[in-house]
Amino acid sequence: MQMTLFAIATILPVALLCLAVLSGGLWPLAALLYMTLFTAGLDRFAPRLLPDLPKGAEFPSGKGLSVLLGLVHLGLLLVAVSAPIWIGPGMLGTFLTLVAMGQWFGQVSHPNAHELIHRPERYARYLGRTIYSSLMIGHHASAHLLVHHVHVGTKGDPNSAMKGVGFYRFFTTAWRGSFQAGLRAENALRARAQRPVPAWTHPYLGYIAMALAGLALSLWFMGPTGLLTYLFICLYAQAQILLADYVQHYGLRRAARENGKPEPVSDAHSWNSPHWFSSSLMINAPRHSDHHLYPNRPYPGLRLRAEMPILPHSLPVMAAIALIPPLWRRVMARELKRLNDAGMTG
């Protein structure tokens, strides 16, 4: 039942997005409403926790859906870049379609690519890197694995937001910082290799090459409109990728031990959300504490526990609130105080 819900929640909007491009009319609005108000409404008015699957029950369906969503992403990105041509005149329909596309790339493709880069299979990791690179943020695959999971909740992680930092400032520092930190980590990894590693196999060369290929192909086949469309989609998706990091770690820091090293990662160092439909749409990405404790646990098996910090609203709603820094600070000051009063990290 749970895997069916994951499949329906993630694949149904693809049909709406394709209808929006091919048929126009009210379909662009329908696709956008599905990714926003419909999801928030189900979370709010039809709440229930996703049941935890028995150990091992996530295979093989979890992996199969991830690969399918990865391949769908590549096709849908081509459709998105050509959307202005298919839809024709009418700025509103095109704009609504592209925003809805960006929502899907940020809320489905990103959690799925994140799942894939944690998979043990090489083809899955390559597919995850390709998804991120197609959105011109390929370095996230390296920085997430080699920097974020190691230094989360410390100054060493550019993607862990300190209390009081607004999202717009965080976006620029996290993008630049994760690019640089990921590059340093990849270089260090190659320097420690037992045998010489060919320079052309450096992951960052692949990330940059795929990003340049996306720009060139958009311009070559779709002209300036296609190029601008591709840039808009990538920027929109990147904002959502970094919004997820911003919300899920805001204000949660790992205390330093007597030797100066940070305490081990625990449930207390990530924000979580139990909201059932957005969790299905984002393939359990809101169950973030469990992911940091067990990075290789497949998404259907991620758990919620009572001691985990819980967001007051679903992850997509909190991401929307984060776009209004004064409101965000007010909401999160209350939540961090609640954690501090309970004796948790905040």
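We use all heavy atoms of the structure for the numbers below, so side chains are in, but hydrogens, waters and symmetry mates are not. Here the structure is a predicted model, which means the values were calculated and not measured.
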Taking [atom1] in [X] as the centre, count heavy atoms belonging to other residues, nucleotides or ligands within less than 6.0 Å. Is the count above 12?
X	atom1	value
Tyr204	OH	yes
Arg257	CZ	yes
Leu26	CG	no

To which residues is [X] joined in a hydrophobic cluster, defined by side-chain heavy-atom contacts under 4.5 Å among Ile, Leu, Val, Met, Phe, Trp and Tyr, whether direct or through other members?
X	value
Leu205	none
Tyr126	none
Ile131	Val67, Leu71, Leu74, Leu116, Tyr123, Leu127

If every non-hydrogen atom of [X] is compared with every non-hydrogen atom of [Y], which pair is closest and at what distance?
X	Y	answer
Val147	Pro158	CG1-CD, 3.9 Å
Ser266	Leu293	CA-CD2, 3.9 Å
Pro13	Ala9	CD-O, 3.2 Å
Ser134	Tyr230	O-OH, 2.7 Å
Ala20	Thr97	CB-OG1, 3.8 Å
Leu336	Trp271	CD2-CZ2, 3.7 Å

Restricting to ring-ring contact (aromatic ring centres under 6.0 Å, His included), what partner residues turn up for [X], sequence neighbours left out?
X	answer
His249	His148, His288, His292
Trp27	none
His118	His114, His144, His149, His291
Phe38	Tyr34, Phe277

Centre-to-centre under 6.0 Å for Trp328 and Tyr246, is that the case here?
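Yes; Tyr246 has its ring centre under 6.0 Å from that of Trp328.
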Does the ring centre of Tyr299 sit less than 6.0 Å away from the ring centre of Phe6?
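Yes, the ring centres sit under 6.0 Å apart.
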Measuring only between side-chain heavy atoms, which start at C-beta, is [X] closer than 4.5 Å to [Y]?
X	Y	value
Glu307	Ser289	no
Val99	Phe232	yes
Ser278	Leu315	no
Ile11	Leu69	yes
Gln240	His110	no
Met282	Thr10	no
Val79	Leu17	no
Cys234	Ile137	no

Working for ring-ring contact (aromatic ring centres under 6.0 Å, His included), residues Tyr132 and Tyr207:
CA-CA 8 Å; Tyr132 281 129; Tyr207 304 151; 9.1 Å; no
Which value, rounded to the nearest 0.5 Å, describes the distance between [X] atom [atom1] and [Y] atom [atom2]?
X	Y	atom1	atom2	result
Asp267	Arg303	CG	CZ	13.0 Å
Leu5	Ile283	CG	CD1	12.5 Å
His151	Asp157	NE2	CG	8.0 Å
Ile310	Leu339	CD1	CG	9.5 Å

Using modelled atom types and a 3.5 Å cut-off, is there a donor and acceptor pairing between side-chain atoms of [X] and backbone atoms of [Y]?
X	Y	value
Trp175	Ala239	no
Glu335	Leu311	no
Arg254	Thr154	no
Gln238	Met136	yes
Thr173	Phe170	yes
Ser160	Gly153	yes
Gln248	Ala285	yes

Let's go through Val317 and Ser314 carefully: what are the C-alpha distance in whole Å and the side-chain angles of both, what is the deciding distance for side-chain contact (heavy atoms from CB on, under 4.5 Å) to 0.1 Å, and is it a yes or a no?
CA-CA 5 Å; Val317 171; Ser314 67; 3.3 Å; yes
Are any of the side-chain nitrogens in Arg119 or Glu115 under 4.0 Å away from the carboxylate oxygens of its partner?
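Counted as a salt bridge, because a side-chain N and a carboxylate O are separated by less than 4.0 Å.
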Determine, stepwise, if the pair Phe167 / Val247 fulfils side-chain contact (heavy atoms from CB on, under 4.5 Å).
CA-CA 9 Å; Phe167 171 70; Val247 170; over 6 Å; no
Using side-chain contact (heavy atoms from CB on, under 4.5 Å) as the criterion, list what pairs up with Ser178, not counting sequence neighbours.
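His139, Ala143, Asn159.
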Of all residues at least two apart in sequence or in a different chain, which pass the side-chain contact (heavy atoms from CB on, under 4.5 Å) check with Ser82?
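Once residues adjacent in sequence are excluded, the partners of Ser82 under the side-chain contact (heavy atoms from CB on, under 4.5 Å) criterion are Trp86, Met222.
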Check salt bridge (Lys or Arg N to Asp or Glu O under 4.0 Å) between Asp290 and all other residues, then give those that pass, not counting sequence neighbours.
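Result, salt bridge (Lys or Arg N to Asp or Glu O under 4.0 Å) vs Asp290: Arg297, Arg305.
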Begin with the C-alpha distance, continue with both residues' side-chain angles, and end with the deciding distance and a verdict on side-chain contact (heavy atoms from CB on, under 4.5 Å) for Met332 and Lys163.
CA-CA 9 Å; Met332 293 309 294; Lys163 180 182 178 181; over 6 Å; no
For side-chain contact (heavy atoms from CB on, under 4.5 Å), just list the numbers for His269 and Arg253, CA-CA rounded to whole Å, side-chain angles, deciding distance to a tenth of an Å, and then say yes or no.
CA-CA 7 Å; His269 299 125; Arg253 312 302 283 182; over 6 Å; no
Indicate whether any N or O donor in one side chain lies under 3.5 Å from an N or O acceptor in the other, for Asn284 and Ser279.
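No donor-acceptor contact under 3.5 Å links the two side chains.
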Answer with yes or no whether the side chains of His313 and Asp43 bring together a donor and an acceptor at under 3.5 Å.
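Distance-only check fails for Asp43 and His313.
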Do any side-chain atoms of residues 188-200 form donor-acceptor pairs under 3.5 angstrom with protein atoms, and if so which ones, sequence neighbours left out?
{"residue": "Arg190", "atom": "NH1", "partner": "Thr201", "partner atom": "OG1", "Å": "3.4"}
{"residue": "Arg190", "atom": "NH2", "partner": "Pro198", "partner atom": "O", "Å": "2.6"}
{"residue": "Arg190", "atom": "NH2", "partner": "Thr201", "partner atom": "OG1", "Å": "3.3"}

Please, which pairs that meet ring-ring contact (aromatic ring centres under 6.0 Å, His included) have at least one residue in residues 63-85, sequence neighbours excluded?
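As it turns out, the ring-ring contact (aromatic ring centres under 6.0 Å, His included) pairs with a partner in residues 63-85, which skip direct neighbours, are His73-Phe105.
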